[in-house]
Every structure is written in C-alpha cells, then in structure tokens.
There are 2 protein chains.
Amino acid sequence: MADRVTPEPQRRRRRPTKQGTVLSEKVIVDTALRLVGLHGAQALTVRRLGAALGADPSAIYRYFHSTDDLLLAIADELIGRAQHGWQPTGDWRADLRAVGLRIHAAYLAHPQAAILAAHRTTGRDNEILAVEAILGVLRSAGFPDAQAVRIYHALVDQSLAFAALDAAELALPAPSQAADLEVWQSRYALLDPRSHPNIAATADLLAADMRLSGYPFALTLLLDAIAARLPDPDAERRRSSA
Amino acid sequence: MADRVTPEPQRRRRRPTKQGTVLSEKVIVDTALRLVGLHGAQALTVRRLGAALGADPSAIYRYFHSTDDLLLAIADELIGRAQHGWQPTGDWRADLRAVGLRIHAAYLAHPQAAILAAHRTTGRDNEILAVEAILGVLRSAGFPDAQAVRIYHALVDQSLAFAALDAAELALPAPSQAADLEVWQSRYALLDPRSHPNIAATADLLAADMRLSGYPFALTLLLDAIAARLPDPDAERRRSSA
DNA sequence: CTTCACACGTCAATGCCGTTGTCATAAGGT
DNA sequence: ACCTTATGACAACGGCATTGACGTGTGAAG
C-alpha cells in the first residue's frame with residue numbers, strides 16, 4: 001500500500017519461464033485483465049495470475065512491488081484505453097460528454113477490473129495525459145482556471161464513481177444478479193401501499209429502471225448545469241452559430 | 001455471495017461467550033463498525049471480529065450466512081443512520097440536498113465501512129425507507145413518476161458513488177495519504193509546460209483542490225439541472241419568491 | 001424442581017491467500 | 001569462454017473464510 005512505484009531494474013535478460021512464456025509488465029497486466037474478465041475480480045490473485053502466465057507466482061514480484069502496485073498499473077491501462085484514439089473537436093460540450101462516456105465505457109468493458117481500479121489514483125502516464133486533455137477542453141472553452149479545475153473534478157469523479165457503481169452491478173455473478181432483482185421485486189410487491197405509497201405507485205418504473213445505468217442521464221444533467229455557468233456568453237454564442 | 005437473507009432461527013437462548021459477552025446481530029454490526037473505524041477496512045475479518053467480540057470467529061456464522069451477508073447488514077445500518085431524524089420540509093430542493101449530504105456524511109463518518117458498503121444494494125428495511133422518502137419528495141414536487149424515478153437514481157447513485165470515492169481517499173493510511181499527495185505534486189512539478197500546458201497553468205489549483213471533495217459542487221450542479229426540468233413552473237416560482 | 005431438546009459457543013481442520021528469503025540458471029557484455 | 005546478475009523457481013510462514021462435529025447451558029414443559 002505504501003509503494004506506488006514499480007521497481008525498474010535493468011530489465012535486460014528475459015529468461016523464459018519453465019513453460020516457455022516470457023514475462024514483462026505488459027504481459028502481466030494484459031493477462032491480469034483477461035483473467036479478471038474471464039473469471040471475475042475475485043479470481044485476480046497472485047497465485048492464479050502466476051498459473052495463467054505459466055510462471056511461478058513469486059515471479060510477479062520481480063515486476064510489481066505488491067498486488068496493489070499491480071492494481072495501479074491495471075487502472076492506468078484502463079485510463080489509457082479510454083483515451084485511445086480520442087481527439088477534442090473544439091465543441092467542449094460534445095468533447096466532455098465523449099470523455100465521460102469513454103471513461104465509463106472503458107471501465108465497463110472490464111467491470112471486474114473497474115471495481116478494483118476506479119477508486120485509485122495512479123499518478124502514472126495515462127492518467128496525466130487524461131488530466132491534461134480534459135483541462136485543455138475546459139480552458140479553451142473559456143472557463144477560468146479555478147472553475148475549470150472544479151468542473152474537471154466533478155466530471156471525472158462522477159464518471160469514475162458511476163463506472164464503479166455500474167461495474168459492481170455488472171460484476172455480480174449471473175445467478176446472484178438474478179437473485180438481486182428478484183429480492184427487490186418480491187420486497188416491493190409485499191410492501192403495504194399505505195405505509196409505502198410512493199414505492200407502490202412507481203413500482204413498475206422502479207423495477208424497469210433498476211437495471212439501467214443512470215450515468216448518461218446524470219451526465220446530461222451535469223453538462224446542462226455546466227453550460228449554464230459558462231462565464232463568457234460569446235464563447236457559447238460562437239459555438240452555436242459557427 | 002448468493003445468500004442475501006440472514007438466517008432467522010429461534011434466537012432464544014443467549015448463552016454468553018467464554019469471555020462473558022452476549023452476541024446479537026446488533027452487537028456484531030456495531031462491533032464491526034467500530035473495528036473498521038479504528039483499524040481500517042482491511043481489519044474487518046471474521047477472526048479479528050471474533051476477537052473483538054470476545055467470541056470464537058465461527059460464532060458469527062450463527063448470525064450471518066457469510067461475510068458478505070454481514071456487509072449488507074452494515075450497509076443498511078449506514079443508510080439507517082443517514083436518515084435518522086430527517087423529515088422532509090416541503091422544499092424539494094432543500095430536501096434533496098439534505099438527503100444527498102446526509103448520505104454522503106453518514107458514509108464518510110465511517111469511511112472504511114463506506115468503501116465496503118456503498119456499492120451494495122441491501123434490500124433491507126432502512127434502504128426501503130430511504131427509497132420511499134426520496135420518491136415522496138420528488139413526486140410531491142410535481143415530477144411525473146417516470147422522471148421521479150430517473151432523478152431518484154441519479155441523486156442516490158451520485159451520492160453513494162461520491163461517498164465511496166471520497167471514502168477511498170479518506171481511508172488510506174495517513175503515511176500513504178501523504179505519499180499520494182507528494183507523488184502528485186512532484187509529478188506535476190516535473191512536467192514540461194510545453195507538453196502539458198494546461199496542467200502547468202493550473203498546477204496550484206489542482207494541488208489545492210485535490211484533497212477537497214467535489215461532491216457538494218456536483219450536487220449543486222445536479223440540483224440546478226433538475227430544477228430546470230421541473231415540469232410545473234409554479235412550483236419553482238413559488239419556491240424562489242416565498 | 002427436574003428433565004430434556006436444542007440454540008449456540010467452541011474446537012479443529014481444510015484449502016485458499018500474499019509475501020519473502022534462498023537458491024539455481026541462463027542471458028549477454030566482456 | 002567467463003562472470004555478473006537479472007530473473008525464474010522453490011519452500012515456508014502466517015493469516016484468511018468457511019465448515020462440521022461436539023458439548024454445554026438455557027429456558028420451557030411436566
């Protein structure tokens with residue numbers, strides 16, 4: 001937990017493992033992501049990862065100080081994938097929406113990994129790239145620096161937070177997911193409309209909405225509110241007329 | 001993971017443990033919360049909890065099917081505390097803000113527990129009470145049911161998600177927290193302003209804002225956006241003029 | 001007041017887990 | 001061809017959740 005820096009020895013002599021694979025940070029992170037995608041977050045253990053790599057578990061510690069360190073590398077990889085191929089268009093609203101949805105989607109593409117990674121601050125390259133890009137969008141939209149920073153936080157935090165929330169749902173094992181919904185529905189069905197009038201009135205809607213992510217809607221709300229705060233009306237007018 | 005229902009045997013004969021304590025669901029949940037608050041989320045293990053209770057670890061399984069089941073009980077307890085003593089005032093905007101801040105605060109009062117609990121859906125009493133109350137506020141504010149449900153989700157999800165995010169930060173052990181900030185600051189200081197102009201320009205603000213929660217601000221943005229969608233303009237006019 | 005069923009605390013064992021120290025070996029510069 | 005040393009393998013440690021068998025004291029029934 002204390003070390004956040006991957007050891008960087010000479011990293012020269014790649015001895016293949018007994019079973020032939022050649023290790024590297026990249027191979028390990030990729031395998032970890034694959035493992036997590038296939039068998040769930042709880043399958044990401046040093047021992048299982050070693051087995052999946054065809055290497056002794058302890059070999060991993062030549063590349064990462066701890067499992068926490070490995071986790072940060074995974075988180076950074078996800079952030080990197082979210083940005084891959086993205087370019088700001090100059091329309092700040094569309095750009096921010098794209099960024100938010102990309103972060104959300106990249107994490108949800110690996111729900112199991114997202115749960116582990118969304119809360120973390122990696123301090124690594126991909127994360128810095130993302131910060132730079134988003135701040136760039138906000139500042140060139142005309143937001144003063146102080147506000148740009150606040151909005152940056154609101155946007156990124158919300159995206160990551162929703163990603164984690166949705167991922168936690170997606171990541172539940174299928175039987176348990178079904179059980180979850182069933183528990184809710186049976187609970188709702190049994191409620192006395194007199195003691196719980198509001199739930200009773202909206203029970204159908206609640207059940208239907210339960211499985212959907214509130215994120216795109218919440219993101220829209222956030223962007224609406226941000227637009228209302230754009231300090232320089234010219235920028236907004238310029239955007240919509242050009 | 002599959003069982004979400006606490007076993008409810010006769011629960012009649014309370015034999016005191018060897019060290020004199022008398023077990024119950026409540027005692028266990030309270031002790032778990034205390035334990036987590038004192039020594040961090042990673043200290044919540046069946047063995048340690050047993051020790052803190054002065055009982056054999058396996059005794060806990062008489063009250064909860066699994067640690068996951070215990071976790072849901074903890075989550076529901078937190079939701080309950082968030083609501084404790086709250087009454088809607090009739091001003092929907094103030095009410096929703098209060099609910100959001102209360103959820104946030106209740107979870108942050110036990111950051112270590114919040115990390116464990118925020119993602120979960122308990123299906124237990126306190127959670128149902130909260131759903132009923134929030135829907136009540138929205139529906140009597142005049143939102144049509146479909147919209148009330150969507151807004152309910154956006155609000156609660158955002159509150160829980162931010163709570164988890166902030167809790168994850170708060171929950172880091174103090175030395176590691178300092179290291180975290182330091183890594184960021186040194187990283188930022190070393191960045192070339194030519195390759196990262198936006199970060200360079202806002203470095204101070206970023207560093208200062210880094211430790212603050214974006215939640216109150218994000219909540220304000222959300223409420224602004226919700227207000228803009230109120231279908232009945234009279235309700236809004238009444239609120240701001242009264 | 002005695003009896004007795006059984007709720008529930010305890011014990012012991014199983015099979016995971018992360019992590020570490022030591023050793024063996026092959027890669028690659030010389 | 002040699003040595004250095006990066007790096008993989010091995011073995012061991014302590015901690016983890018969970019389970020099944022066991023016994024003990026409680027509280028109700030007679």
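Every chain is numbered from 1 and lettered A, B, ... according to where its sequence line falls, protein lines coming before strand lines.
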Review point. Looking only at heavy atoms, what is the nearest atom pair of B:Ser159 and B:Ile103, with distance?
Key: CB-CG2, 4.1 Å
Exercise for review: Please tell me if the side chains of B:Glu132 and A:Ser195 come closer than 4.5 Å, counting only heavy atoms from C-beta onward.
Suggested key: no
Exercise for review: Answer with base, sugar-phosphate or nothing: what part of the nucleic acid does B:Ser58 contact at a heavy-atom distance below 4.0 Å?
Suggested key: base
Point to revise | Residue A:Arg62, side-chain heavy atoms: nucleotide from C:dG9, D:dT7, C:dT19 that is nearest | key: D:dT7
**Study point:** Below 4.0 Å: OP1/OP2 of D:dT18 and any side-chain N or O of B:Thr67
**Key:** yes
Check your understanding: What integer distance in Å separates A:Leu49:CG from C:dC17:C1'?
Key -> 14 Å
Check your understanding: Within the pair A:Arg48 and C:dC17, is there a side-chain N or O less than 4.0 Å away from OP1 or OP2?
Key -> yes
Review point. How long is the line joining CG of A:Leu71 and P of C:dC17, in whole Å?
Key: 16 Å
Revision key, fill the gap. In whole angstroms, the gap separating P of C:dC17 from CG of A:Asp68 amounts to 18 Å
Practice item. Provide, to the nearest angstrom, the distance between the CG atom belonging to A:Asp56 and the P atom belonging to D:dA9. Key: 6 Å
Review point. Does some side-chain heavy atom of A:Leu70 sit less than 4.5 Å from a side-chain heavy atom of A:Ile74?
Key: yes
Practice item. Rounded to the nearest angstrom, tell me the gap between atom CG in B:Leu23 and atom C1' in D:dT24. Key: 15 Å
Review point. Separation of A:Arg47 atom CZ from D:dC13 atom C1', in whole Å?
Key: 11 Å
Check your understanding: Between B:Tyr61 and D:dG20, is there a side-chain N or O to OP1/OP2 distance below 4.0 Å?
Key -> no
Review point. Going by distance alone, is a donor N or O of one side chain under 3.5 Å from an acceptor N or O of the other, for A:Asp68 and A:Ser66?
Key: no
Practice item. Measure the distance from CD1 on A:Ile60 to P on D:dA9 and round it to the nearest whole Å. Key: 11 Å
Point to revise | Position toward the 5' end of DNA chain D (nearest nucleotide), B:Leu44 or A:Pro57 | key: A:Pro57
Study note, to complete from the structure: Taken to the nearest whole Å, CD1/B:Ile28 to P/C:dC8 is 11 Å
Point to revise | Sugar-phosphate only, base, or nothing, as touched by A:Ala55 at under 4.0 Å among non-hydrogen atoms | key: sugar-phosphate
Review point. Has B:Arg102 got more than 12 heavy atoms of other residues, nucleotides or ligands less than 6.0 Å from its CZ?
Key: yes
